[in-house]
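Written out below as structure tokens is the structure these notes cover.
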Amino acid sequence: ALLDSDLTVTNHKEKLSLLMHVEELQMEVDIRKYDLTHTTMTVCTHNKKLLSLKVPGLAENRPSVLKGDHLFVRIQRADGRSEDKEYKGYVHDVGLSHVHIGFGAKLRDQFIPNMKFSVRFTFNRLPVKNEHRALELSVEHQLNSLLFPTVDDTSSRQSPQLQLRFYDRKLEANLEQVLAVQHMVAGTSRPA
């Protein structure tokens, strides 16, 4: 019922929080599509402590892999089954088709060329955490008039009569832009 209702001052925190959780679950489902099996890694030529993994679709940003992200690998045995032990690796560099990953000594010590791995990608949760924190702060600091401005908050204000000189003289010919800048400079656009 909450998802079907209109966004209002009274339900915005619960509704937006729910939508962000749903989006995060979908991101988790979507990233699973890019997991790899029976893949190999090679030792990086420029840094012997890193392993290089070819990732199909990397150039098209599918999956989205950024420096600092982490992923998990399992060694695949000869029978094709993955071992239970999972190793966490951190992305040090992203190229057009390869990522260079740093792993702990436990994996590096047993690594041999042509060893097969299964790879599980993850996504960075920091942006989602920041969105949840921003929502909490909007409630904590009572920003309702900013999030849901009313006619009284904005349109009843007089248009400021400032004589501004624009650095880009072409802007002066656009009345809407001139009014927007005048309201910003005069502070009459608050709280929106």
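What you see is a predicted model, and the numbers here were worked out from it, not measured in a lab. What's counted below: heavy atoms across the whole structure, side chains too, no hydrogens, waters or symmetry copies.
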Under 3.5 Å, side-chain donor or acceptor atoms of residues 130-144 against the rest of the protein: list the pairs with distances, not counting sequence neighbours.
{"unit_1": "Glu136", "atom_1": "OE2", "unit_2": "Lys13", "atom_2": "NZ", "d": "3.4"}
{"unit_1": "Ser138", "atom_1": "OG", "unit_2": "Leu135", "atom_2": "O", "d": "2.7"}

Contacts of Arg120 that satisfy side-chain hydrogen bond (donor to acceptor under 3.5 Å, both in side chains) - sequence neighbours left out = Glu86
For residues 34-45, dump all side-chain donor-acceptor pairs below 3.5 Å to protein atoms at least two apart in sequence or in another chain.
{"unit_1": "Asp35", "atom_1": "OD1", "unit_2": "Arg32", "atom_2": "NH2", "d": "3.2"}
{"unit_1": "Asp35", "atom_1": "OD1", "unit_2": "Phe121", "atom_2": "N", "d": "3.0"}
{"unit_1": "Asp35", "atom_1": "OD2", "unit_2": "Arg32", "atom_2": "NE", "d": "2.7"}
{"unit_1": "Asp35", "atom_1": "OD2", "unit_2": "Arg32", "atom_2": "NH2", "d": "3.3"}
{"unit_1": "His38", "atom_1": "ND1", "unit_2": "Gln76", "atom_2": "OE1", "d": "3.3"}

Partners of Lys67 by side-chain hydrogen bond (donor to acceptor under 3.5 Å, both in side chains), sequence neighbours excluded?
-> none
Kindly say whether Leu18 contributes a backbone atom to a donor-acceptor pair with the side chain of His21 at under 3.5 angstrom?
-> no
Excluding sequence neighbours, so at least two apart, what forms side-chain hydrogen bond (donor to acceptor under 3.5 Å, both in side chains) with Tyr87?
-> Gln110
Those residues at least two apart in sequence (or on a different chain) that pass side-chain hydrogen bond (donor to acceptor under 3.5 Å, both in side chains) with Glu24 are Arg125
Non-hydrogen side-chain atoms of Ser97 and Val55 separated by less than 4.5 Å | no
Starting from the C-alpha separation in whole Å, work towards a yes-or-no answer on ring-ring contact (aromatic ring centres under 6.0 Å, His included) for His92 and Tyr90.
-> CA-CA 6 Å; His92 285 249; Tyr90 289 90; 7.8 Å; no
If you look at every heavy atom in Glu172 and Leu164, which pair is closest and at what distance?
-> OE2-O, 4.2 Å
Sorted by chain and residue number, the side chain to side chain contact (heavy atoms under 4.5 Å, CB included) partners of Asn61 (sequence neighbours excluded) come out as Ser64
Considering residues at least two apart in sequence or located in another chain, which fulfil the ring-ring contact (aromatic ring centres under 6.0 Å, His included) criterion with Phe166?
-> none
Which residues satisfy the side chain to side chain contact (heavy atoms under 4.5 Å, CB included) test with Ala105, sequence neighbours excluded?
-> Arg108, Asp109
Sequence neighbours excluded, the answer for salt bridge (charged side-chain N to carboxylate O under 4.0 Å, His left out) partners of Lys33 is Asp30
Mind checking side chain to side chain contact (heavy atoms under 4.5 Å, CB included) for Leu25 and listing every partner two or more places apart, or none if nothing turns up?
-> none
Across all chains, not counting sequence neighbours, the side chain to side chain contact (heavy atoms under 4.5 Å, CB included) partners of Lys54 are His98
